[in-house]
Amino acid sequence: MKLLFKTWLVISCLFLSITAGAQQTKVLQHGAHRTGKRTDADMARWRGYGLGQFIHWGLYSILEGKYNGKNYNGAAEWIRSWKEVPHATYDSLYQKFNPATFNATQWAKMAKQMDVKYLTFTTKHHDGFCLWPSKYTNYTVANSPYKKDIVKQVVDAYTKEGIDVYLYFSVMDWNNPDWRYDLKTKEDSIAFDRFKLFTKNQLTELLVNYPSIKGLWFDGTWDNSWKKSGAFTDSLEQYLKTIHPGLIIGSRLRADEYGNRHVDANGALMGDYEQGWERKIPKTYADVHGNDWDCVMTIPENGWGYAEKWLGHWKTTNELLEMTAQCVSLGGNFVVNFGPKADGSFRPEEVKNAKEIGAWMKVNSTAIYNCEYAGWEKQDWGYYTKKTGTNKVFMIVFNVPVSGSLKIKPAKNMVVDKAYLLTTPNKALSMEKLDHGESFIHLPPAAYKQPFVIVLETKEGKEKLEEQKAKT
Ligand code: 1KN
């Protein structure tokens, strides 16, 4: 009897754990609007960008990451949250905002030379200061000595250079008295309702004022107040898309009705692409869960706004290029951040990075733009990308082995017809077949000092495997 009871217990526990483990799809009112990627032309264009530029510019740029002679250890654009800085002092900085040498055309020309395909620009960071003349607050550039609309100049100049513009917008707003971190009282909810309307008004204003923009990049949406506003965030996203068809919005805007962010209670992405890759890059294709995504990256270790002093490592151009290649090889875009000075000029280190990236792109950009995940097994020499809609696979080589021979293993059903250096298309590289579907590409002996690209012309087909399997 005892044994029977024990058996019954084991069986019922097993049953319980199986049913509990089974993924149950919840019926959501405010979950993802689709599963899988968007399939329209606007999103296809986004997918082809490869490389983008981020710009953080605002009142924090005036303080340059220091106050009263002391350096702030955090990211310079967060300096208002430092206990050393009185809020009243920070909130008066707009009276000094007068960027004498700001020239949007020069910015756009530098970006063009760097060969970025899109820009994400801070219209309003957490401090709440608006770089456009919003009519919903006085805390804007219109009330600074500079007076003129910065966002308009940036949007127009970049658009003229053929660079698509996305607007960064922080929902969290330290300047608006109705902002709440949580909704604990009735008063909180009443204030936050006003805040939600304010947010909707400002976003409408941006879309109406700057109709050529392609999307919005949200930030500051992680607090409980916003997470408890799932229904609102859902209706807001749908509304923004009705006034601007094709608009691209990442996964940071919304929460579902359970307060889940980025992915809903069923694991589906909310928004058009995943916005979780901030200062980090996925390692494998499995990590991106079949979603579109972009990675935003600082050149120093951390810090987006201008700081006089950078403690720590400054990324080299080759590191930034490698990150670009890695992102594109895994189906994402890579976005490099710049933090101009308060006067509107870029620091020389950033100018140098931009120039050097542009010089490399001039030769090699075909391996970056309109390229996607190739589906070939990753090798130690670098990254594969595949030109979307073609049979061209690129090898972006960062590490040349001492042997001078690069191993490749094409995806199943693909064979390589021809391999050549991008810069010498008429000289085929010698290839040698190995077992297990692998081959070597033998490089001509040379001192390889920069990353370079090998083009593989491929076709559909199966390699004839003649090797014998080892008995083990
Ligand atoms: C660790 O918490 C944060 C919070 C906000 C880290 C970064 C940020 C903001 N997102 C970046 C894109 C910058 O705008 C940074 O201030």
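Atoms within a ligand are numbered from 1 in the order they appear, just like the ligands themselves.
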Quick one: look up the protein heavy atom nearest [atom] and list residue, atom name and how far away it is.
atom                    : value
atom 9 (C) of ligand 1  : D219 OD2, 3.2 Å
atom 13 (C) of ligand 1 : H56 NE2, 3.3 Å
atom 16 (O) of ligand 1 : E77 OE2, 2.6 Å
atom 7 (C) of ligand 1  : E278 OE2, 3.2 Å

Return a yes/no value for [X]: is any of its N or O atoms, backbone included, closer than 3.5 angstrom to an N or O of ligand 1?
X    : answer
R252 : no
W222 : no
W304 : no

- Task: Name the option, out of Y168, W217, W78, Y60, that contains the heavy atom nearest to atom 4 (C) of ligand 1.
- Result: W78
- Could you tell me whether the side chains of D164 and Y49 share a donor-acceptor contact shorter than 3.5 Å? yes
- Message: When you compare the side chains of W310 and E349, does any donor N or O come within less than 3.5 Å of an acceptor on the partner?
- Response: no
- Task: Quick one: do Q95 and S92 satisfy side-chain hydrogen bond (donor to acceptor under 3.5 Å, both in side chains)? Show the steps, please.
- Result: CA-CA 6 Å; Q95 293 167 1; S92 305; 4.9 Å; no
- For H125, the ligand 1 atoms whose distance to one of its heavy atoms is below 4.0 Å: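 Once the distances to H125 are compared, the set is 13 (C), 14 (O), 15 (C), 16 (O).
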- Counting only non-hydrogen atoms of the protein, does one fall under 4.0 Å from atom 2 (O) of ligand 1?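 Answer no: nothing from the protein, no heavy atom, is under 4.0 Å.
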- Query: Is atom NZ of K152 surrounded by more than 12 heavy atoms (other residues, nucleotides or ligands) closer than 6.0 Å?
  - Reply: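 No, the 6.0 Å shell around NZ holds no more than 12 heavy atoms from other groups.
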- Query: Given Y139, which of W174, F198, F129, F97 fulfils the ring-ring contact (aromatic ring centres under 6.0 Å, His included) condition?
  - Reply: F129
- Query: Looking at W376, Y373, Y285, which one forms a ring-ring contact (aromatic ring centres under 6.0 Å, His included) with Y384?
  - Reply: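 The single option meeting the ring-ring contact (aromatic ring centres under 6.0 Å, His included) with Y384 is W376.
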- Task: Output, in order, the C-alpha distance, side-chain angles, deciding distance and verdict of side-chain hydrogen bond (donor to acceptor under 3.5 Å, both in side chains) for D219 and S170.
- Result: CA-CA 5 Å; D219 205 3; S170 170; over 6 Å; no
